[in-house]
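I have placed the structure first, in the form of structure tokens, so that the comments after it can refer back to it.
The shown structure was predicted, so the numbers you read here are calculated from the model rather than taken from an experiment.
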Amino acid sequence: MPAAEIGRIVIAGAGQAGGRAAEALRANGYQGAITMIGEEAHPPYERPQLSKQMLTKSGYQVVYLKPIDQWSGALDIDIVTGTAVVACNSERQTVSTSRGDKVSYDRLLIATGTQPRRIDGIERTSARIQYLRSIEDALQLRKSLEAGARVVVLGGGVIGLEAAAAAATLNCSVVVVEAGPRLLGRAFPKVISDFVEARHRAHGVDFVFDTTVVEGTTQGVRFSNGREVAADVLLVGIGVDPIASVAQSVGLDARAGIEVDPFGKTAIDNIFSAGDVALQWSACHGRSLRVETWANAQNQAACVAANMIGIQRPYADPAWFWSDQYDLNIQVVGDPVADDVIVRGDMASGRFSVIALRDGMVAGAVAINSAKDMAMLRRLAGKATSAARADFESPAFDLRKALKN
């Protein structure tokens, strides 16, 4: 169907991916109707600020992609907040919302995102149970992080560690509980896990590994090893699951995410998916996965939006994200977990990179306070390299020479 014949595009989800997709549709000349429907009461915003500036900067004001009046004004987009798209009839090409409304579409973009995983059995705790997925969550957590507060963080991933760093900086007592043997186990090499753990310990954070929380108590929580810890705040950061009800309503198996091709198309005609909920192929990882990053919500969503109106451009950027913890700026590209890991630079200086090689390819990398390295490593990720191991180890080696001609 030519773009001129696409009467209405519906975007299910008004987060960063939905917002950037809507902007891209207009930027690429689409003049038809756009309806963007989101469960939260807010217009689209970027989530990284929830675990970064909103927790560490007093009086921080939330940054939105645009004020809500600009969506309906200059962009002429019908933005509906406070209700979620919950189902779709792909034959009639209509979606249903949690308020009972039905909206027709010619193209549908599912950008419903993810939701935090919950833990059963902790409700009896005397601590305030917190998740960190929305503006309201971040505001409530920031209010709870008073000096002297006893904070237990469940999950040693990026979000949990950013919150732990914020709490420690605000003079809280912090314990991080990780079910695995080390921090950041799924996405970082062990050398980085150990380095980050040491920095947290230097700021007074305690860690409990190979342990889970089994129940809440009148004093706090009890671990699977029998230890009980007092807590005022219990932050649950054990990962997220895709919000998949819309995809499942049209028969897609979206338990691990909504599978899309490089153009963002699903297996159902006229239905596309973008952002955290989309299951995309990653050359760096050698498999499909959901990419829960700011850059993917920004760039993949814009690319898919263009494809929805006939601009055929595949999306294949390697995953990239960053984390700020204390004085550490940690940037990650691709899949840095590999058997062959190279340290570039002096770890003791606090400025270095770790590069993962797999089958003659730069599979991924982590840069600590080394933005210059990461700028080039983002170009190298997922590509074959002609550089020798000794080249990568030397900070004097120009990474531009590592691209294989």
Side-chain angles (χ1 to χ4, degrees), residues 15-16 40 42-65 113-114 116 127-178 183-184 187-188 192-193 195-207 231-240 276 292-295 297-298 320-332 350-351 366-371 374:
Q16 181 185 349
E40 293 189 57
H42 310 283
Y45 62 91
E46 298 176 351
R47 294 194 189 276
Q49 61 189 318
L50 303 183
S51 58
K52 296 180 173 66
Q53 299 97 322
M54 286 189 71
L55 297 186
T56 58
K57 293 185 178 180
S58 179
Y60 177 80
Q61 298 295 311
V62 178
V63 177
Y64 296 97
L65 301 192
T114 58
R128 179 181 293 110
I129 300 173
Q130 292 263 189
Y131 295 87
L132 190 52
R133 190 60 183 170
S134 68
I135 289 172
E136 288 76 17
D137 291 339
L139 291 173
Q140 181 59 59
L141 180 57
R142 178 63 179 87
K143 185 178 179 181
S144 300
L145 297 182
E146 299 175 340
R150 299 166 298 180
V151 179
V152 174
V153 179
L154 306 185
V158 171
I159 300 301
L161 291 177
E162 288 184 344
T169 300
L170 294 168
N171 298 312
C172 299
S173 171
V174 185
V175 178
V176 175
V177 184
E178 168 54 42
L183 301 176
L184 305 163
F188 288 72
I192 296 293
S193 298
F195 180 84
V196 171
E197 179 187 342
R199 187 56 57 96
H200 276 271
R201 288 192 184 276
H203 283 80
V205 177
D206 189 18
F207 292 93
D232 301 306
V233 179
L234 181 61
L235 174 63
V236 181
I238 57 171
V240 296
D276 292 4
E292 302 162 13
T293 70
W294 171 91
Q298 178 103 351
W320 170 79
F321 67 93
W322 81 96
S323 177
D324 294 322
Q325 299 173 37
Y326 310 113
D327 58 344
L328 302 179
N329 173 250
I330 306 168
Q331 296 191 48
V332 183
R351 185 186 300 273
V366 181
I368 305 289
N369 293 330
S370 189
M374 181 51 66

Legend entry - Nearest atoms (heavy-atom pairs only) where E162 meets S323: OE2-OG, 2.7 Å

Inset, instruction - Return the minimal non-hydrogen interatomic distance between L154 and I238, and the atom names on each side. - result: O-CG2, 3.6 Å

Legend entry - G350 backbone acceptor or donor facing N369 side chain under 3.5 Å: yes

Inset, instruction - Any chance you could measure Q130, atom CD, to L234, atom CG, to the nearest 0.5 Å? - result: 9.5 Å

Inset, instruction - Could you check if a side-chain atom of E46 sits within less than 4.5 angstrom of a side-chain atom of W294, using non-hydrogen atoms only? - result: yes

Inset, instruction - Please report the closest heavy-atom contact between S144 and V233, naming both atoms and the distance. - result: CB-CG2, 3.7 Å

Inset, instruction - For side chain to side chain contact (heavy atoms under 4.5 Å, CB included), just list the numbers for Y64 and I135, CA-CA rounded to whole Å, side-chain angles, deciding distance to a tenth of an Å, and then say yes or no. - result: CA-CA 11 Å; Y64 296 97; I135 289 172; 3.8 Å; yes

Legend entry - Within-4.5 Å side-chain heavy-atom neighbours: W322 and P48: yes

Inset, instruction - Kindly give the heavy-atom pair with the smallest separation between A164 and Y326, and that separation in Å. - result: O-OH, 4.1 Å

Inset, instruction - Check whether any side-chain heavy atom of Y60 sits under 4.5 Å from a side-chain heavy atom of R142, and report yes or no. - result: no

Legend entry - CA sep, side-chain torsions, deciding dist, call: T56, T169, side chain to side chain contact (heavy atoms under 4.5 Å, CB included): CA-CA 8 Å; T56 58; T169 300; 5.7 Å; no

Legend entry - D276 vs V240, side chain to side chain contact (heavy atoms under 4.5 Å, CB included): CA-CA, chis, key distance, verdict: CA-CA 10 Å; D276 292 4; V240 296; over 6 Å; no

Inset, instruction - For V151 and A167, work out which heavy atoms get closest and say how close. - result: CG2-CB, 4.4 Å

Legend entry - Side chain proximity check, L55 to L132, heavy atoms < 4.5 angstrom: yes

Legend entry - Any side-chain heavy-atom pair of I368 and I192 under 4.5 Å: yes

Inset, instruction - Can you see which heavy atom on Q16 is nearest to which on R47, and at what distance? - result: OE1-N, 4.5 Å

Legend entry - Side-chain donor or acceptor of Q49 paired with backbone N/O of V63 under 3.5 Å: yes

Legend entry - Backbone of R150 reached by a side-chain donor or acceptor of D232 within 3.5 Å: yes

Inset, instruction - Could you check if a side-chain atom of F195 sits within less than 4.5 angstrom of a side-chain atom of L328, using non-hydrogen atoms only? - result: yes

Inset, instruction - For R133 and T114, test the side chains for any donor-to-acceptor distance below 3.5 angstrom and give the result as yes or no. - result: yes

Legend entry - Nearest-0.5 Å distance that lies between atom CG in L161 and atom CG in D324: 13.0 Å

Inset, instruction - Mark yes or no for whether E197, through its side chain, and L183, through its backbone, hold a donor-acceptor pair below 3.5 Å. - result: no

Legend entry - Close side-chain approach of H200 to D206, heavy-atom, < 4.5 Å: no

Inset, instruction - Kindly determine whether D327 and R199 satisfy side chain to side chain contact (heavy atoms under 4.5 Å, CB included), including the steps that lead there. - result: CA-CA 9 Å; D327 58 344; R199 187 56 57 96; 2.6 Å; yes

Inset, instruction - With the side chain counted from C-beta on, respond yes when E292 and F321 share a heavy-atom pair under 4.5 Å apart, and no when they do not. - result: no

